[in-house]
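Everything on this sheet refers to the single structure shown next.
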Amino acid sequence: MSEVKKFLYVNRKAPYGTIYALESLEVVLIGAAFDQDVSLAFLDDGVFQLTRNQNTETIGVKNFSPTFRALGDYDVTKLYVERESLAERGLSESDLQEITYEDEDDDWAEKPSIRIVSRAEMADIMADQDVVLSF
Amino acid sequence: MSEVKKFLYVNRKAPYGTIYALESLEVVLIGAAFDQDVSLAFLDDGVFQLTRNQNTETIGVKNFSPTFRALGDYDVTKLYVERESLAERGLSESDLQEITYEDEDDDWAEKPSIRIVSRAEMADIMADQDVVLSF
Amino acid sequence: MSTLHTVNKSPFTNGSLLSCLKHCRPGDAILLIEDGVYGALKGSTVADAVCENLADVRLFLLGGDVRARGIEDEKILSQARTVEYDGYVDLVVEHDRTQSWL
Amino acid sequence: MSTLHTVNKSPFTNGSLLSCLKHCRPGDAILLIEDGVYGALKGSTVADAVCENLADVRLFLLGGDVRARGIEDEKILSQARTVEYDGYVDLVVEHDRTQSWL
Amino acid sequence: MKIGIVVSEGPYTHQAADTAYHFVKSALAKGHEVPRVFFYHDGVNVSTRLSVPPQDERHIQKNWTALAGEHGIDLVVCIAAAQRRGLLDQNEAERQGKDANNIAEGFRISGLGQLIEMGIQTDRLVTFGD
Amino acid sequence: MKIGIVVSEGPYTHQAADTAYHFVKSALAKGHEVPRVFFYHDGVNVSTRLSVPPQDERHIQKNWTALAGEHGIDLVVCIAAAQRRGLLDQNEAERQGKDANNIAEGFRISGLGQLIEMGIQTDRLVTFGD
């Protein structure tokens, strides 16, 4: 398989209330082995997946939020988060955990994986894909 | 079991897209054998359950809307439908199927089972129950 | 390059249709399926929001789902066109990608 | 005679919380659980609608669900009180009936 | 007080079965009775004994089986909902000519009447669903 | 054209598995190829052979098995999602020490890589879910 396609994983659901966020992340991790051009989109309630300081001890469900910080090791470095979705929920970028990757094309400099984009930019990103997987 | 409790079945979901409406009706039919004081509430998307002329032939799913017309035979005669929920959806009472029962206390006169109520009245009906089952 | 968006949830319960409308680009199409077909009801509280966003976007409905739910033709927004399952397939083929607003 | 209402869905995706608020009566309580806890976020697009309807209704949050979702205390509406699972049980007992807004 | 419980969604997919479990544990710890939990809709999927969640995840079915065994809770799986979704006990499997069954220990299959009966016989009824 | 299909919700509970079925039938009738259908999330529940729907209802699993048999469609059930939810084939049941399995003919259990591969190898990918 030499063809490289643009894959977008669209995350629009909150974590823990339903399993979609976790099972989306499982696809992303497996998909990383296929050397495609991968982006993740977080909009609507999907932005809640990235909040800091998630602590699931009381509800007895596995806290998978640290896994997002490992995505850089899998060369998954484009996490687009919609600014309007954050604002509608009373959130801003500072409420999200920091996720970085080391840029091999720039002497392994550490760079942020989360890119805050406007709704219009998100629409453009969506329109630029070959495959859109929705969760 | 001599105690008679007031049971309210709350229907807030549309038919066919999910199974809740159908499985709610199955509870109502079984529950009718228990001689309790039964009411059904239709609000929000639940009002869509009662539309006329449902035809499920193309989607290959069983059309259960005729079953509502049989409820009178099971002594289930109080179907409360919220006026505001209808209006928000561009519907009025004339879009709903006619459902009637024969009133044994009134010489078996045929009477409508559907009672259109305001949102405030619906809140009062909900507050007057012993058991609320939500679908 | 255009996208077929599908929406399968009632807009009175769920925000998917409105979010979809805000992320469409000119030339895209929206196909309402399953409980999503309620999004094309005339005179509803969401009808204006739907129509305002349809300038450069075509709106389709899946006929089997419309009939299942007892929605009469005269209740449907004039902008919406009904297709059957084979028309759904054509829409998928005609657009470069399909995005499901779940 | 009063009711405990529980809401388990995000108000940004789903209409259950707003519908619940419109059907509460004085003396009732609302407990937000699971994804419902997002309904108590300060400064959100639904915060005003929530507060306006809380005059005679108490608002509770399930603490485990709040912490799971990383919602800091200062982000939560001042009207909301956090309870744990045992407080949930007490609320069910204290009210005459529980209505789940699914 | 007697509290009846309805679980309407499947395990892992929705949080309902988890929240119900924590609620029931707390209710019992406070001295209340939970005579029955009724599994309806996709809730019937909680009863499968074939579930193999990852090692670092809770085992929802086993948690329920253990709690019910300890406190004598009647875990009832709705037969109509279970048939549609492929949940069968040994009797049902034989009756339907199926070559396998999948209901876990502690759960029993019965009719919707058990839900109504629970509503009549308990002081409170709490539904966990989606 | 090659069209890949994802089914994300369980049978009967959501309409997704029905809509996907009608869509695939139409696509095949129009001469398109549907090489694979990938069942994920609760979609894995479609694959149980223990389902016994009422006589007057469609049999969703059997419909898929028949369609796949006729047209050579690869029905893949995600192993990770299936394990959580109690869907096992004979191999998996033995490996996990379970005394029963429940996957129907025509379905096979495999990894998420099959989903990505489908995305790469098809011209369109259509998801049916909730």
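Protein chains get the first letters and strands the later ones, always in sequence-line order, with residue 1 at the start of each. Computed over heavy atoms, backbone and side chain alike; hydrogens, waters and symmetry mates excluded.
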Self-check item: Inter-chain contacts: residues 10-32 of chain D against chain A, heavy atoms under 4.5 Å
Solution: S10(D), F12(D), T13(D)

Self-check item: Option that, when pairs with chain D are counted at under 4.5 Å, heavy atom only, ranks first among L91(A), N55(A), I59(A)
Solution: N55(A)

Quiz item: How are the rings of F68(A) and F42(A) set relative to one another: parallel (under 30°), tilted (30 to 60°) or perpendicular (over 60°)?
Solution: perpendicular

Quiz prompt | Largest heavy-atom contact set with chain D, pairs under 4.5 Å, which of V61(A), D95(A), D44(A) | solution = D95(A)

Exercise. Show your reasoning for whether salt bridge (Lys or Arg N to Asp or Glu O under 4.0 Å) applies to K111(A) and D106(A).
Key: CA-CA 10 Å; K111(A) 297 185 176 178; D106(A) 189 9; 2.9 Å; yes

Quiz item: Can T45(D) and E88(A) be counted as having a side-chain donor-acceptor contact under 3.5 angstrom?
Solution: no

Quiz item: Which class fits the ring pair F64(A) and Y16(A): parallel under 30°, tilted 30 to 60°, perpendicular over 60°?
Solution: tilted

Quiz item: Of the backbone (N, CA, C, O) and the side chain (C-beta and beyond), which part of T58(A) lies under 4.5 Å from a heavy atom of chain D, both, or neither?
Solution: both

Quiz item: What part of K75(D) is in contact with chain A, defined as an atom under 4.5 angstrom from a non-hydrogen atom: side chain, backbone, both or neither?
Solution: side chain

Quiz item: Looking at D37(A) and K78(A), does any basic side-chain N land under 4.0 Å from a carboxylate oxygen?
Solution: yes

Exercise. Return the minimal non-hydrogen interatomic distance between S24(A) and N11(A), and the atom names on each side.
Key: OG-OD1, 2.8 Å

Self-check item: CG-CZ distance between L61(D) and R81(D), expressed to the nearest 0.5 angstrom
Solution: 10.5 Å

Quiz item: Does the pair E72(D)/K42(D) count as a salt bridge with the N-to-O cut at 4.0 Å?
Solution: no

